[in-house]
Structure formats: C-alpha cells, structure tokens
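The structure under discussion appears below in the form of structure tokens.
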There are 2 protein chains.
Amino acid sequence: MSRIIAERADVIPALGEIFRRCGYEGASIARITRETGLGKGSLYNFFPGGKEEMAEAVLANIHQWFEENIYRPLETEAPDDALKQMFSGVSSYFRSGERICLVGAFALEETRDRFSSEVTHYFHRWLETLAGCLRRKGYAPSKAKDAASYVIAGIQGAIVLVRATDDAAHFATILKTLKSACDEPRGA
Amino acid sequence: MSRIIAERADVIPALGEIFRRCGYEGASIARITRETGLGKGSLYNFFPGGKEEMAEAVLANIHQWFEENIYRPLETEAPDDALKQMFSGVSSYFRSGERICLVGAFALEETRDRFSSEVTHYFHRWLETLAGCLRRKGYAPSKAKDAASYVIAGIQGAIVLVRATDDAAHFATILKTLKSACDEPRGA
DNA sequence: GGGGGTTTTTACCGATCAGTACAGGATTTA
DNA sequence: TAAATCCTGTACTGATCGGTAAAAACCCCC
C-alpha cells in the first residue's frame with residue numbers, strides 16, 4: 001500500500017458494497033472498519049457525521065454514476081441508442097441482479113425515511129429522463145410516463161427476483177422483454 | 001381485553017407488520033414488546049427460538065396466504081379468472097405498494113441467507129404456478145416461464161417504486177400493463 | 001533534525017442488543 | 001378449596017451498538 005492508503009473518495013465504493021451486502025442497519029461500524037481496513041478514527045475523520053454521512057456519500061456517488069451513465073444519455077442521445085445504453089449499463093452495473101440496487105433496498109428498509117430525499121431524487125430523475133427519451137421516441141406524454149415507471153419497476157423487480165431465486169438468468173430475459181416492450185408500444 | 005389476551009397465532013400478523021416496517025434487524029425485541037403489548041416472557045413463551053422463530057412463523061403465515069389465495073387459484077381455476085384474481089389479490093394485499101412484500105425485502109437484506117429456503121420457496125411456487133397457468137392459457141412452456149418471472153418481477157418492482165416515490169398510483173398502472181401483457185403475448 | 005499540523009490508534013462511553021432466569025400471579029385440575 | 005401447572009413481568013447477562021476523546025504516530029516543510 002502506498003503512502004496514503006486511502007482518501008475519502010477511495011473508501012466510498014467499498015462502503016457502498018458493504019451497505020449493499022448488509023443494509024444500513026446491518027452495516028455496523030465494527031464491520032466497516034474490519035472490511036475497509038480503516039480504523040474508527042480514520043472513518044470519523046473522513047465522515048464526521050458518522051454512518052449517516054457515509055451512506056449519504058455512497059448515495060451521492062451512486063447518483064452521480066447514474067447521472068453520467070444513464071440519465072444524461074437518455075437526455076442527449078438518440079432514443080434508441082440511449083435505451084440500449086441504459087439496458088446494457090444497468091445490466092453490467094447490477095451484475096445481472098447479483099449486485100443489488102442500494103437505493104431500491106433503502107426504499108424498502110426503515111432507513112427510507114432517513115434518506116427519503118435522496119431515494120426519491122434518484123427515482124424521479126430516472127423516471128423523468130426515461131419518460132423524456134420515450135417521448136422523443138414517439139410516445140405520447142402520458143404513455144411515456146407509464147412506460148418509464150413500468151420499465152424501472154421491471155428492473156428493480158428483476159433484482160429482487162434474482163436475489164430471491166439465486167438465478168441470475170432471470171435478469172437478462174426480463175430486461176430483454178422490457179426492451180422489446182419499449183420498441184413496440186402496445187395499447188393500454 | 002379478554003381472559004387470554006393473545007394466542008400465538010394472533011401475534012403473527014402484528015409481527016409481520018413490524019418486520020415489514022423495520023426489517024429483520026431493525027425489529028428489535030424491545031420494539032416488538034412495545035408494539036405488540038406482550039412482555040418478553042410471553043414472546044419467548046410463544047417463540048422459544050426468539051426472533052428467528054418469529055420471522056419464520058411470519059414467513060410461513062405469508063406463504064400460507066399466498067398458497068390459498070394466489071397459487072391454488074392459478075393451479076385450479078380457469079387461466080383468465082386466476083390471473084384476474086392474482087392481480088386483484090396482490091393489489092389489495094400489498095395495498096397498492098404501500099405495504100411491502102416481506103419476502104422480497106428479505107431477499108434484498110442480509111437476512112436472505114438466514115431464510116433463504118423460505119424465500120426461494122415462496123418465489124419458486126409463485127413462478128411455477130403462474131407459469132403453469134400461462135401454459136394452460138396457451139403459452140409455450142419456455143415463454144410461460146419467462147412471462148411468469150417477468151410478471152412477478154414487475155409486481156415486486158412496483159412495490160419498490162411506490163415506496164421510493166411515495167406515489168401509490170404507479171402500482172395500478174404497472175399492474176394493468178402487466179395484465180394486458182399476459183393477455184396479448186408478444187414475440188420475444 | 002526539529003516544530004506544527006494532521007492522521008490514526010486505542011481505550012472508553014452510555015445505550016441498546018438478543019436472550020435468560022426466576023419469582024410471583026393467574027388458571028386449571030382435582 | 002388446595003395443589004399443580006402454566007403464563008408473564010422484571011431484572012439481569014454479556015455482547016455489541018454508534019460515537020467520542022486523547023494520546024501516539026506520522027508527514028511535510030523549514
């Protein structure tokens with residue numbers, strides 16, 4: 001290990017994986033120190049606000065990733081390209097459902113209240129950028145909104161299903177169906 | 001309150017709601033005693049195995065409900081009726097997403113490992129009975145399996161989305177789209 | 001080779017965790 | 001009514017929780 005073992009930014013991804021694996025309550029400080037290799041002092045030096053600040057930093061980091069890799073393409077690129085990027089990006093980001101969506105998990109946990117603004121922001125941005133993309137693709141505004149929530153729910157549910165059944169194959173088939181549903185909108 | 005305030009069976013639904021609200025780790029014994037009104041002694045009298053046995057009882061209770069109200073109709077009734085029952089039953093059971101699916105939540109939590117057999121059983125039964133129903137409706141076997149996982153993922157994701165956005169309206173529109181997707185199978 | 005400031009280690013805090021032990025109260029049985 | 005059994009409130013255990021404080025180690029610049 002080099003001189004400075006870790007900076008604050010270097011710890012955040014590791015924190016993210018711990019929160020993913022254990023949830024917010026299950027990620028005890030003792031566990032975090034053990035798995036990051038950082039002592040309590042270092043942790044509270046990086047994150048004076050304690051565990052809550054750690055989780056906020058992780059959520060901000062996640063949001064930034066989605067902003068750059070998912071939302072921005074949905075806003076700026078050609079609809080079909082953007083959709084393709086979204087599905088492939090999401091598939092590799094969540095490792096076919098073996099890596100859970102921390103924001104979705106937080107939405108189900110009790111911690112939902114604590115981080116409600118981050119959680120709602122994440123999903124609102126996703127909903128609005130995806131709906132915008134579908135509008136540009138030719139969807140009527142209200143259909144675009146419905147389809148966006150439909151697709152995002154499908155992705156979140158695919159993660160749940162993969163974790164529950166321990167069968168990552170579900171993920172690809174579900175996303176494929178979602179993608180084709182985007183391409184051939186049906187009447188509601 | 002009557003002579004015997006509560007029997008074991010009476011406590012289980014209350015336990016279920018607490019686990020739903022707080023998760024497994026977040027549902028402390030102190031909290032359970034407070035919200036059920038039962039003392040520690042009574043709780044450990046009903047559930048000698050402690051919190052783990054409480055959660056198992058809740059999961060068994062949930063599974064039984066789905067077995068009777070969702071899976072059995074899917075197996076025995078006419079496909080279209082069974083599907084209708086499933087969607088309306090699920091919608092009222094999860095109160096349009098405002099009540100989460102405890103099994104799905106456990107699948108995302110760390111507790112997944114502890115209750116993995118119950119979690120996988122719940123989803124496997126749902127997958128197999130729904131796929132069977134779709135086969136009887138005319139789906140090819142492999143299409144039926146894919147559609148079943150697609151629909152169940154959609155339902156689970158709808159719950160996540162409702163909780164995240166605090167907008168229960170998503171639930172009905174997503175389930176409506178899922179239902180129409182069952183009625184008009186598209187090519188994959 | 002020192003200061004001076006910043007990390008990091010370590011011990012410690014009160015609170016809470018799940019679970020146990022047991023005594024006293026209530027109920028049932030005789 | 002008396003005895004036996006069952007139920008339940010309460011106090012307690014050791015462990016762990018998140019967080020703090022201060023001393024020790026470290027680094028950079030002079």
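Remember, it's a predicted structure, so these values are computed and weren't measured experimentally. Numbered from 1 within each chain, the chains take letters A, B, ... in sequence-line order.
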Per-pair distances, 0.1 Å, donor-acceptor, side chain in residues 95-104 of chain B, under 3.5 Å, sequence neighbours excluded:
| unit_1 | atom_1 | unit_2 | atom_2 | d |
| --- | --- | --- | --- | --- |
| B/Arg99 | NE | B/Glu17 | OE2 | 3.2 |
| B/Arg99 | NH1 | B/Tyr93 | O | 2.9 |
| B/Arg99 | NH2 | B/Glu17 | OE2 | 2.8 |

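Screening residues 155-174 of chain B for side chain to side chain donor-acceptor pair (under 3.5 Å) gives no qualifying pairs among residues at least two apart or on separate chains. Residue pairs meeting the salt bridge (charged side-chain N to carboxylate O under 4.0 Å, His left out) criterion with at least one member in residues 56-75 of chain A, sequence neighbours excluded: A/Glu67-A/Arg125, A/Glu75-A/Arg125. Each side chain to side chain donor-acceptor pair (under 3.5 Å) pair with one or both residues in residues 29-39 of chain A, not counting sequence neighbours, appears once here: A/Arg21-A/Glu35, A/Arg31-B/Glu110.
B/Phe171 and B/Phe94 have perpendicular rings, their planes meeting at more than 60° on a 0 to 90° scale where under 30° would count as parallel.
Atom-to-atom, CG of A/Leu43 to P of C/dT10 comes out at 14 Å; the value is rounded to the nearest Å. The CG atom of A/Leu38 sits 11 Å away from the C1' atom of C/dT7 (whole-angstrom rounding). What separates CZ of B/Phe47 from C1' of D/dC7 is a distance of 15 Å, to the nearest Å. Taking atom OH on B/Tyr44 and atom P on C/dA21, their separation rounds to 12 Å, with Å as the unit. One atom, CG of A/Asn45, and another, P of C/dT6, lie 10 Å apart when rounded to the nearest Å.
A search for side-chain hydrogen bond (donor to acceptor under 3.5 Å, both in side chains) contacts involving A/Lys137 returns A/Asp80, A/Asp183, not counting sequence neighbours. With sequence neighbours left out, the ring-ring contact (aromatic ring centres under 6.0 Å, His included) criterion links A/Tyr24 to A/Phe19, A/Phe115. For A/His124, there are no ring-ring contact (aromatic ring centres under 6.0 Å, His included) partners, not counting sequence neighbours.
Among the nucleotides C/dA18, D/dT8, C/dT8, the one closest to the side chain of B/Ser42 is D/dT8.
Residues from residues 19-34 of chain B that place a heavy atom under 4.0 Å from any atom of DNA chain D: there are none. Of the residues in residues 49-61 of chain B, those with a non-hydrogen atom less than 4.0 angstrom from any atom of DNA chain C are B/Gly50, B/Lys51.
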